[in-house]
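In the text below, chain A, chain B and the rest are named by the order of the sequence lines, each starting its count at 1. These values consider heavy atoms only, across backbone and side chains, with no hydrogens, waters or symmetry-generated copies.
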There are 2 protein chains.
Amino acid sequence: MGRRRGTTKGDRRERAILDTARDLLSTTPVGRLTIDQLTAGAGISRSSFYFYFDSKTAVLEALLDEIAEEMVEAARRWLDGSGDDPDSLRHALEVSARLWREHGPLLRQALLAEDQEFASFRENVVARYVKEGAARIARDRQEGLAGPGPDPQSLAHALIRMKFAVFAADSSVEAVETLCAVVRRAMYGALPATGS
Amino acid sequence: MGRRRGTTKGDRRERAILDTARDLLSTTPVGRLTIDQLTAGAGISRSSFYFYFDSKTAVLEALLDEIAEEMVEAARRWLDGSGDDPDSLRHALEVSARLWREHGPLLRQALLAEDQEFASFRENVVARYVKEGAARIARDRQEGLAGPGPDPQSLAHALIRMKFAVFAADSSVEAVETLCAVVRRAMYGALPATGS
DNA sequence: GACAATACTCGACGCTGTGTTGAGTATTCC
DNA sequence: GGAATACTCAACACAGCGTCGAGTATTGTC
């Protein structure tokens, strides 16, 4: 199965498949993407496709790995920081918003739908975010930078899911602002004594 | 196209298809549901299916209408109320959680994935929630029951999407509690002067 | 209780899309 | 130049969707 070293024709074709997929998936929903489209874009026959990838899903997974890396990277500064830090938070959200704008159809299917094919990818990404997010929340509370609130794990989970779902529907600047506000209030905001 | 009045054999079969679908969809993801399964469950042949419904999607839409009604109904008391009202809010969330538990696969596909087939249904449900939610937020602010915050429309949108996404992943009691807390803080919580 | 209209049923067909196989051609390394 | 490996493809088998046309059952009406 191994390839030779150096950039061979095969490598270029593999890349061409990936690029075609990336391209088509900025507009086409995952369900409508066919292998025929991919091979047409890459200039090979349907059956040659199977030399490079086991299935359509394998292509999508390769793309997702590239995207997920970018996403977590952008959140790094905020995740590693502490206390209410609107600028880092906004930066993380802005990059996320851009990624959702560029790869909406793919991310929606992989992160939101329940597609069994992406289950493990989804669990990994979400779990990673939740773990680091919960740690940050717990840290802030311990250091007295945030008041008490819901279980950090559960709170982080809700906020991450909110981010995904909002950007899936709307990755505008306003959405970034609103998410920023909700996250900050959820983490640092205090409820008045008892609502009227 | 019209049927005769009274409950005919045809009506019973139509119901049988719907029930079979409801049943299978409590465990099977939408993508895996085939018309063959539906007709097997209802005891008719594949082609007879098309006498009752135009497509698989038509069956799903019929089911979704039933579910959506219940969902909005459960939120009625909170949507029509005013001020911080944890009990009404919790009640609405609890019913929602149950519906997601029972119809998870279907709701996930219809509300979260970008399936073009459900686009209009999705827009309707979300738009309805957002409209009523935004109105409630604006009302509370006008009456001085809530402080300032993000644009009501945008805030309502984020909170609704969060609800959908969280329940899609986890409709436990704890999730209800967390959502309750986040919604209340987002609407009524105040941020301290300036962080750190 | 016949008979027309309408409700309902189904087998057979064509289509699109997936994935496999086996035989072939190109490339690279020695 | 020859063997190993990279790559290519036409042909096939299969699953699922939706259509067509020819039927059979049921019902309302006289």
Salt bridge (Lys or Arg N to Asp or Glu O under 4.0 Å): pairs with one or both residues in residues 160-176 of chain A, sequence neighbours excluded:
none
Please report the distance, rounded to the nearest Å, between OH in B/Tyr50 and P in D/dT19.
7 Å
Verify, without hydrogens or angle tests, whether A/Arg141 (side chain) and A/Pro148 (backbone) share a donor-acceptor contact under 3.5 angstrom.
no
Who are the side-chain hydrogen bond (donor to acceptor under 3.5 Å, both in side chains) partners of B/Glu177, not counting sequence neighbours?
B/Arg90
Taking only residues two or more places apart in sequence or in another chain, which ones pass salt bridge (Lys or Arg N to Asp or Glu O under 4.0 Å) with B/Arg185?
none
Looking at residues 17-43 of chain B, who's got a heavy atom less than 4.0 Å off DNA chain C?
none
Between B/Arg76 and B/Glu132, is the closest basic N to carboxylate O distance under 4.0 Å?
yes
From CD of A/Glu14 across to P of D/dA6 the rounded distance in Å is 13 Å
Rounded to whole angstroms, how far apart are CD1 on A/Ile44 and C1' on C/dG24?
17 Å
Whole-Å distance separating the CG atom of A/Asp54 from the P atom of C/dG19:
9 Å
Pairs under 3.5 Å (N/O, protein and nucleotides 11-15 of chain C):
unit_1 : atom_1 : unit_2  : atom_2 : d
C/dG11 : N7     : B/Ser47 : OG     : 3.2
C/dG11 : O6     : B/Ser47 : OG     : 2.8

Between A/Ser154 and A/Asp151, is there a side-chain donor-acceptor contact under 3.5 Å, judged purely by atom types and distance?
no
A/Phe49 atom CZ is separated from D/dA10 atom P, nearest whole Å, by 17 Å
For the residue pair B/Arg77 / B/Ser88, report whether a side-chain donor-acceptor contact shorter than 3.5 Å exists.
yes
Rounded to the nearest angstrom, tell me the gap between atom CZ in A/Phe51 and atom C1' in D/dA6.
5 Å
Who pairs with B/Arg98 by side-chain hydrogen bond (donor to acceptor under 3.5 Å, both in side chains), at least two apart in sequence or on another chain?
B/Glu70, B/Glu102
